[in-house]
Amino acid sequence: MARCIPLNLDCASLCTAAAEMMARNSENAGLACSLWAAECASHEEAHCPRCADACRQCETECQRIATA
């Protein structure tokens with residue numbers, strides 16, 4: 001769980017970067033989301049599955065936008 005906090009901070013930074021990449025139609029916009037989804041899914045705290053689901057939804061949406 002100690003790894004989660006730094007990863008969440010990284011995720012916030014990468015979300016900003018992903019938004020910038022989506023604005024320029026980069027195909028790489030959603031790459032990080034799957035990493036955080038896997039990390040969140042590996043924990044048993046009540047909020048972790050919700051976090052993993054949100055990351056997966058973000059990854060799907062980033063990929064959809066990138067291929068649109």
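Considering CZ of R64 and CD of E61, their distance stands at 4.0 Å, rounded to 0.5 Å. The distance from the SG atom of C40 to the NE2 atom of H47 is 7.0 Å, given to the nearest 0.5 Å.
Contacts of D53 classified as salt bridge (charged side-chain N to carboxylate O under 4.0 Å, His left out), with partners at least two apart in sequence or in another chain: R56.
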Side-chain donor-acceptor pairs under 3.5 Å in residues 10-20, sequence neighbours left out?
from: S13; atom 1: OG; to: L9; atom 2: O; distance (Å): 3.4
from: T16; atom 1: OG1; to: A12; atom 2: O; distance (Å): 3.4

